[in-house]
Every structure is written in structure tokens, then in C-alpha cells.
Amino acid sequence: MEFQIPTIDFPIAAPIIIVAGWGVLLMIIDLFVSEENRSWAPWLAAVGLLVALVPTLSLWGESGGTFIPEGGHPMLLVDNFATFLNITFILTGLLSILVSAGYLRKHKLDRPEFYMLMLFSISGMMLMGMANDLILIFLALEVLSIPLYIMSGIAWPRSDSEESAMKYFLLGAFSSSILVFGIALVYGATGSTSLPEVLATIGEGGALGLAGSAFLLVGFAFKVAAVPFHMWTPDVYEGAPTAVTAFMSVGAKVGGFAAMLRIFVTALPDLGDTWVGAAAMVAALTLILGNVVAISQANIKRMLAYSSIAHAGYIMIAVAAGINSSNGVSSALFYMFAYLFTNLGAFAVVIALERKQNEGTMLDDYKGLAKRSPWLALAMAYFMLSLTGVPPTGGFSGKFYVFRAAIEADLVWLAIIGVITSVVSGYYYLRVVYLMYMHDGDGEVVAMPGVRLVVGITAVATIILGFFPGVWFAITREAALLGARLVAGG
């Protein structure tokens, strides 16, 4: 059989090519720059993301595919769903670079390879949202994950950083094997790994198709830190450098949900009677455990780790509602966009207060912050309110849309659990506010300019999403509808 070169449309793949290629360019530049001069890396990495943002924005409203084998379906899609997610990933990278530059320099971890790894990971995230084939989704997941394993241990020889990297790697490899097994079962049931083909034939796959979808759900649940596959999250978040934790808390989670939405909502709706119930149960368990266990945490990084687990539960509500509610996918996209700013803003404040590596991260270290740094305390209080879901914040708007989608999909019981656990979360989030404003504390807060800039940007974005959510939800709704039509149309 003669090999046929697939049809390639480079403008569609331009954002991914630029981000990944820029990472390679930084590797080459590093060969010719002395080790004493390392200040160039973050700024060049940021320039690369800004360059990639231009073709990404230009693709809004476009739909199509590339890397099309003869007689087959495109491996890579461009639609508003993928474009919206690519913008989210690029913004995550830009904000993470701003908080990382000063942090790494302060803690003597200023290594150019950090930014190269970040760019490679972002390219994997972008590929997750654009992939139209299960094999490509798996490859994208590995491109996303492997740099994060290394970044978690970049503080070597610090033992907790090395431990977090090892735990993340081992459990990540385990979850990847489960995902691959699920892909193999889906292929056995449908004879294809292309999502349009899976959509057309999975209903005839019988038990093999159901088993494959179950393994896919478990594999992605590991990646997004959903219960009961969350066990790696608290230790990795605590042990990794805080700048890495901030980046992975948003990027890895959004990347995992991007692929989950693309696969389950648009390619496996015929199995919805089975996987929707399973996803709803995972969401309920995630909400309950994440919010309850966070109450007992004395370290703010571990508290935010369990908070991250809980927020995976809220997004899982939208996934479960995705095929029975016209607002399911759009509510998930809105929630992830709001979570980007709120969570990165909260971690930026954590970085500002961290003195040495993982020193200054206890909740008691936040006592009296309102007197020591009023603006940081005010921003942190607003982020905590947003994570709780108190209006008018981006977090409240996100939860409102998610709960509405659940009610539309006849998952009222799940929406009720979401509301109750949101009330529970108020205890540990507002405890931070209480410590900042109702106690005296010692120590001067010296926040780097990049950190202060990120705190300001994320606070303003959270305010805008809280006061004007309708405009942004309309954008996410347009993204969701076009993405669904493109996959369904093959």
C-alpha cells in the first residue's frame, strides 16, 4: 500500500507550531548564552506566546481541519471551541511567566529550561482542544504532562520537590495506561479512532464500547484530579515550586476537560445513558471530598489543592449536563475561563507571601496581611469570595451557569449538592479573609512587580466576569455550538 501524504493546512496549525517551535528556538538560543545571563528566557517565552496569540485570534469564526489522510477525517480541527481554549491556554502561560520570573530568581531556581518546558506543555494543551482523533489526544496528553513532571521537580535537590515529581510521574503514567486501554477498546468497538467515526458507530459497539468509555472517563478523571482519582494532587501541589503549582492548577485541568468535552459530549452522546450517570457520581464525590477535606488544611497550598479538586467537581457537573442541556459545554468553558483568573490570582498572592521555598505558606502567615499590604489583602479576599461563589464575582457567574445547565439536564440533585458544598467551602475560604483582617501579623511583604501586575490583571478580570457575565457567556456559547456541529459533521 502506497503511503499518502495527508493534506496539510498550515494556518490552522500555526498557533501550535509557533508555541512548540518557539520552545525549540529557546533551546537553541540557550546554547549560545552564558549561564550568568538568564534574564532573557521569560521575556522571550512571553514574546513567543504573544506571537502565537495573533493567528489564534484570527481563527475565531473559522472552521475546518488539517492533516487529513486520503479518504479520512482531519486529525486536527479548528473551530471556536478550540480557538477559545487556545486563548485560555496562552493567557495562562503569559500570566504564569509573569509570576514565575521573579519567583524563580528569588528562590535561585532561575533556569531557562523552565520556560521551554512551559511552552512545550502549552503546545500539548492546545493540541488537546484541537485533536479530532483519540490517538492524537493521547499524544497531546503526553506532550502536556511530561514537561509538568519535570517542572514539578525543578527545585532539586529539595526532597519535597523531587517527591512531588516522582508521585506525579508514576500516577500520571498509570492514568495514561488506563486511557490507552480505553482507546484500544473504543477502537475494537468502532474500528476507528477518528472522533466522527466513533460518533457514527459507537452505538453498535455493545459492551466493548461501554467498557472503552468507562476507561476513558477514569483516565481523564486522573488528569483533572477528580475523586477517587485525586490522590496525587495535594502532595504534588505542596511539594512543587509554587509557580509550577499555579500553572498546572489551571493549564492541566483545562487541558484535560478540553479533551473530555470533545470526546464525551460530541463523540459519545449515544452512550450518554451510561456515562452521564457515572460522570454525575464522580462530580458529586469530588465536590463533597474536595470541600470537606479542605477544611482541615493548615497549609494554603494544600488547601488550594483540595479547592482545585472541588472545582473539578463543578466543571464535571457541566460535563455530565453536556448532552442534555444546550448550555452544558458553554457553562464549562465559562467556568474554566473564570477559574483561570481567580485561581492564578490567588496563587500570585501566595507567591508574594512566600519567603523561602515553601516557607510562608501556612494559613497563620496570612494574619494581619490587611495591615501589612492592604491591596494584596483586598485582592486575596476578592479571590476567596470568587472561589466560594459569592456575587458579584466571576466564580459566582460560573457556578450560576453550571447549576442552570444541571437543572436543564434534570440533574437537580447534583445542582443541590453543588450549592451545599459551595456553602461549605465558604468556611475555609473565608477563614483566610478572617485571618487577614481580624488578626495582627509580623513581617514585611515584598511582592515582585510581575506578581503585583498579575494580581491586578486577574482581579480586574474577575470583577468584569462578575459584573458582565452575559457578554462572555455568549462567546462561550458560540464556541460550544460550532465545535459540536463540526465534529458531528465529520
Side-chain angles (χ1 to χ4, degrees), residues 23 26 38-39 41-43 45-46 92-122 125 144-172 225 232-253 297 299-308 340 343-363 365-366 445-455 458:
L26 293 188
R38 296 180 172 182
S39 60
W43 309 119
T92 301
L94 288 170
L95 294 173
S96 298
I97 288 171
L98 284 174
V99 299
S100 299
Y103 175 88
L104 297 178
R105 192 162 52 248
K106 176 182 177 181
H107 298 289
K108 297 180 173 57
L109 300 173
D110 195 12
R111 299 165 180 165
E113 56 267 28
F114 177 89
Y115 303 99
M116 305 167 198
L117 292 167
M118 182 181 289
L119 291 177
F120 292 138
S121 183
I122 292 172
M125 297 170 191
L144 180 162
S145 301
I146 291 174
L148 290 178
Y149 304 152
I150 302 170
M151 291 167 71
S152 298
I154 203 165
W156 58 269
R158 214 182 75 204
S159 59
D160 56 348
S161 179
E162 293 179 341
E163 179 186 352
S164 71
M166 184 57 68
K167 286 182 177 179
Y168 196 12
F169 167 70
L170 291 175
L171 288 172
W232 58 272
T233 311
D235 291 340
V236 172
Y237 275 40
E238 182 182 14
T242 309
V244 178
T245 304
F247 174 64
M248 76 168 67
S249 69
V250 176
K253 190 176 300 296
Q297 304 306 312
N299 183 295
I300 196 164
K301 289 176 70 175
R302 290 188 72 88
M303 188 200 84
L304 289 174
Y306 282 103
S307 163
S308 178
L340 150 66
N343 208 55
L344 274 180
F347 269 108
V349 177
V350 173
I351 288 173
L353 267 68
E354 188 173 348
R355 295 184 295 273
K356 295 181 181 179
Q357 293 171 39
N358 279 353
E359 289 186 19
T361 58
M362 305 303 291
L363 289 178
D365 294 312
Y366 287 75
V445 179
V446 181
M448 292 74 73
V451 173
R452 290 187 179 276
L453 179 59
V454 169
V455 170
T458 52

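For this chain, numbers begin at 1 and follow the sequence in order. The basis for the numbers below is simple: all heavy atoms, side chains too, and nothing from hydrogens, waters or symmetry mates.
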Closest approach of Ala252 and Met125, non-hydrogen atoms and distance? N-CE, 3.9 Å

So do the side chains of Tyr115 and Leu104 get within less than 4.5 Å of each other, counting heavy atoms only? yes

Does the Asp365 side chain pair with the main chain of Met362, one donor and one acceptor, at a distance under 3.5 Å? yes

Taking all non-hydrogen atoms of both residues into account, name the closest pair between Val455 and Ala348 and its distance. CG2-CB, 3.6 Å

In this structure, CZ of Arg105 is separated from OG of Ser100 (nearest 0.5 Å) by 11.0 Å

Do the non-hydrogen side-chain atoms of Pro241 and His107 ever get within less than 4.5 Å of each other? no

Kindly give the heavy-atom pair with the smallest separation between Pro42 and Ile97, and that separation in Å. O-CG2, 3.4 Å

Would you name the heavy atoms of Met118 and Gly93 that are closest together and state the gap between them? SD-O, 4.0 Å

Keeping Tyr103 on the side-chain end and Thr242 on the backbone end, is there a donor-acceptor pair under 3.5 Å? yes

Residue pair Thr233 / Ala225: nearest heavy atoms and the distance that separates them: OG1-CB, 3.2 Å

Side chains of Ile351 and Met448, heavy atoms from C-beta outward: is any pair under 4.5 Å? yes

Met116 versus Leu119: any side-chain heavy-atom pair under 4.5 Å? no

What closest approach, in Å, do Leu117 and Pro147 show between heavy atoms, and which atom pair accounts for it? O-CB, 3.3 Å

Parallel, tilted or perpendicular: which describes the rings of Phe169 and Tyr149, with under 30° parallel and over 60° perpendicular? perpendicular

Between the side chain of Lys167 and the main-chain N/O of Asp235, is any donor-acceptor distance below 3.5 Å? no

Is there side-chain contact between Pro234 and Gln297, with heavy atoms separated by less than 4.5 Å? no

Could you walk me through whether Leu304 and Tyr237 pass side chain to side chain contact (heavy atoms under 4.5 Å, CB included), step by step? CA-CA 8 Å; Leu304 289 174; Tyr237 275 40; 5.6 Å; no

Can you tell me if Ser121 uses its side chain to pair, donor with acceptor, with the backbone of Leu144 under 3.5 Å? yes

From Asn299 CG over to Glu238 CD, what is the distance, rounded to the nearest 0.5 angstrom? 4.5 Å

Check whether any side-chain heavy atom of Ile154 sits under 4.5 Å from a side-chain heavy atom of Ser161, and report yes or no. no

Would you say Met166 has more than 12 foreign heavy atoms packed within less than 6.0 Å of its CE? no

Is there a donor-acceptor pair closer than 3.5 Å between any side-chain N or O of Ser249 and the backbone N or O of Thr245? yes

Determine whether Leu170 and Trp232 satisfy the following criterion, side chain to side chain contact (heavy atoms under 4.5 Å, CB included), listing intermediate values before the conclusion. CA-CA 9 Å; Leu170 291 175; Trp232 58 272; over 6 Å; no

Between Met248 and Val236, is any pair of side-chain heavy atoms under 4.5 Å apart? yes

Donor-acceptor pair, Ser152 side chain versus Leu148 backbone, under 3.5 Å? yes

Return yes if some donor-acceptor pair links the side-chain N/O of Lys301 with the main-chain N/O of Val350 below 3.5 Å, else return no. no

Would you check, one step at a time, whether the test side chain to side chain contact (heavy atoms under 4.5 Å, CB included) holds for Val99 with Phe347? CA-CA 9 Å; Val99 299; Phe347 269 108; over 6 Å; no

From CD1 (Ile122) to CG (Leu94), nearest 0.5 Å: 7.5 Å

